Amino acid sequence: MSVTHGKMGLSLTQEILSHLGLANKTAAWGTLGTLRTFLSFNVDKDVQRLLKAIAGQGVDRIAILDVLTNRSREQRQLISRAFHERTQQDLLKSLQAALSGNLERIVVALLQPAAHLDAWELRTALKGSGSAEDVALEILATRTPSQLQECLAVYKHSFQVDAVEDIKSETRGILRDLLLALAKGGREAYTGIIDYNLATQDVQALRQAEGPSTERTWVLVFTQRNPEHLVRVLNQYQWHTGHELEKTVRARFHGAARVALLNLASVIRNTPLYFADKLHQALQETEPNYQALMRILISRSETDLLSIRAEFRKKFGKSLYSSLQDAVKGDCRSALLALCRAEDL
């Protein structure tokens, strides 16, 4: 699919998905991502096209984006290696020299291995950006165990320090405890067996955890239990108390701890909706938060961006594609639209 400045028509499959309640399901082909393996992939042709795009009189941005936003991350890595073998030049550095601004940033993010991008985002969030309760928690709470392990390994190799040590030095209180617990990756795996007694026990423990020394209970339940169990806990909590657990969080906690717990609850209830909210928030700022848009669209493009689009349309009454068209300016607009892929009617 080529990158265009106009709206992209829905494929038949995407049109069907947009009318079905599939936000929390997995498609028959194993993904609800907008970007999949390019079936007619030819690494030599892609290398030649990229070389031509940056070696001519003017930089062919359309050609660059057409290649990079229509290949899977694995295919982009193959292109990068082949480019170096054939030209003795680094593709990433060559494109950085040819591009600038937000377009350069998104191309760099597209060409980086996922773990490297996550490690860089995690480091930035922990070191002085004031977004540990937001970005750091997003990465630690929404990546698979294998993705998280790889991210933390890259973090240590790139920055010569364990992420855990940075979490200890840069955060405090319950936020630090939450991030440390998530970084350990000790969340229970779902076995398919419903433990009703444990769910009841967790609900009672959270209802009673109101004193200053009971924060450990919140950390334990939110970071150790599997998501399926936690959804049951959230539902039972509301049934027993008459209000959502988030209301208790807002009354019980403040500052970064409150934000982190609310974000975790949102991830647990509905991960695609969590990301839809984050994208909407990024688009509502006076100047769109391009870093957040890039991070989310790239990281979710091969997993559940179709689900995120469906949740965005349902909650905000406007498609993500149209929202990006209206809010995003500059050269990176085409790249973000290409990752989003299509309109949701």
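Everything numeric in this text was worked out from a predicted model, so none of it was measured.
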Heavy-atom closest pair, residues [X] and [Y]:
X	Y	result
Arg81	Leu78	NH2-CD2, 3.1 Å
Leu35	Glu302	O-CG, 3.4 Å
Cys340	Leu324	CB-CD1, 3.8 Å
Phe275	Ile308	CB-CD1, 3.6 Å
Phe222	Leu261	CE2-O, 3.9 Å
Leu179	Ala136	CD2-C, 4.3 Å

Indicate if [X] and [Y] have the same hydrophobic cluster label, given that clusters are the connected sets of ILVMFWY residues with side-chain heavy-atom separations under 4.5 angstrom.
X	Y	value
Tyr190	Val221	no
Ile139	Leu262	yes
Leu283	Leu339	yes
Leu273	Val135	no
Val154	Leu92	no

What I'd like to find out is whether the side chain of [X] reaches to under 4.5 Å of the side chain of [Y], using heavy atoms alone.
X	Y	result
Glu104	Leu95	no
Arg313	Lys318	no
Arg207	His240	yes
Leu99	Arg61	yes
Leu91	Leu111	yes
Val259	Leu137	no
His280	Ser323	no
Leu245	Val203	no

TODO: Applying side chain to side chain donor-acceptor pair (under 3.5 Å), run through Arg105 and Gln291 and close with a yes or a no.
DONE: CA-CA 9 Å; Arg105 291 166 65 194; Gln291 194 61 37; 2.3 Å; yes
**Asked** Ion pair present between Asp166 and Lys127, side-chain N to carboxylate O less than 4.0 angstrom?
**Response**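 Yes, charged N to carboxylate O under 4.0 Å.
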Step-by-step side chain to side chain contact (heavy atoms under 4.5 Å, CB included) determination, Ile167 to Leu140:
CA-CA 12 Å; Ile167 292 171; Leu140 295 176; 4.2 Å; yes
Examine the side chains of [X] and [Y] and answer whether a donor and an acceptor come within less than 3.5 Å of each other.
X	Y	value
Glu133	Asn263	no
Tyr274	Thr142	no
Asp118	Tyr155	no
Asn70	Asp66	yes

Is the count of non-hydrogen atoms from other residues, nucleotides or ligands lying under 6.0 Å from [X] atom [atom1] greater than 12?
X	atom1	result
Glu74	CD	no
Arg216	CZ	no
Glu150	CD	no
His157	NE2	no

Within this structure, what is the [atom1]-[atom2] distance for the pair [X] and [Y], rounded to the nearest 0.5 Å?
X	Y	atom1	atom2	answer
Leu279	Leu336	CG	CG	10.0 Å
Ile106	Leu68	CD1	CG	10.0 Å
Asp46	Phe41	CG	CZ	5.5 Å
Gln201	Asp195	CD	CG	7.5 Å
Gln96	Ile54	CD	CD1	11.5 Å
Arg300	Ile298	CZ	CD1	13.0 Å

Hey, is the main chain of [Y] close enough, under 3.5 Å, to the side chain of [X] for a donor-acceptor pair?
X	Y	value
Arg252	Val249	no
Thr37	Leu39	no
Asp90	Lys93	yes
Arg73	Gln112	yes
Asp304	Ser307	no

Practice prompt. Go through the steps for Lys247 and Glu244 under the test salt bridge (charged side-chain N to carboxylate O under 4.0 Å, His left out), then give the verdict.
Written response: CA-CA 6 Å; Lys247 181 179 179 180; Glu244 292 185 339; over 6 Å; no
Report the C-alpha distance between Arg143 and Leu182 in whole Å, list the side-chain angles of each, state the deciding distance to 0.1 Å, and finish with yes or no for side chain to side chain contact (heavy atoms under 4.5 Å, CB included).
CA-CA 10 Å; Arg143 302 311 190 246; Leu182 290 170; over 6 Å; no
Can you check salt bridge (charged side-chain N to carboxylate O under 4.0 Å, His left out) on Arg86 and Asp44, steps first, answer last? CA-CA 9 Å; Arg86 288 154 179 72; Asp44 291 319; 2.5 Å; yes
Report the C-alpha separation of Glu138 and Arg295 in whole Å, then their side-chain angles, then the decisive distance to 0.1 Å, and conclude whether the salt bridge (charged side-chain N to carboxylate O under 4.0 Å, His left out) test is met. CA-CA 11 Å; Glu138 172 193 315; Arg295 181 183 67 255; 2.9 Å; yes
request  = If the plane angle is over 60° it's perpendicular, under 30° parallel, otherwise tilted; pick one for Phe253 and Trp218.
outcome  =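 Because their plane-to-plane angle is over 60°, the rings of Phe253 and Trp218 count as perpendicular.
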Report task. Would you sort out whether Leu110 and Arg76 count as a side chain to side chain contact (heavy atoms under 4.5 Å, CB included), showing the intermediate values? Result -> CA-CA 8 Å; Leu110 284 166; Arg76 293 195 294 269; 3.8 Å; yes
- Quick one: which residue pairs count as a salt bridge (charged side-chain N to carboxylate O under 4.0 Å, His left out) with a foot in residues 274-284, not counting sequence neighbours?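 Of all non-adjacent pairs touching residues 274-284, those that pass salt bridge (charged side-chain N to carboxylate O under 4.0 Å, His left out) are Asp134-Lys278, Asp277-Lys315.
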Report the C-alpha separation of Trp120 and Thr124 in whole Å, then their side-chain angles, then the decisive distance to 0.1 Å, and conclude whether the side chain to side chain contact (heavy atoms under 4.5 Å, CB included) test is met. CA-CA 6 Å; Trp120 185 86; Thr124 303; 3.7 Å; yes
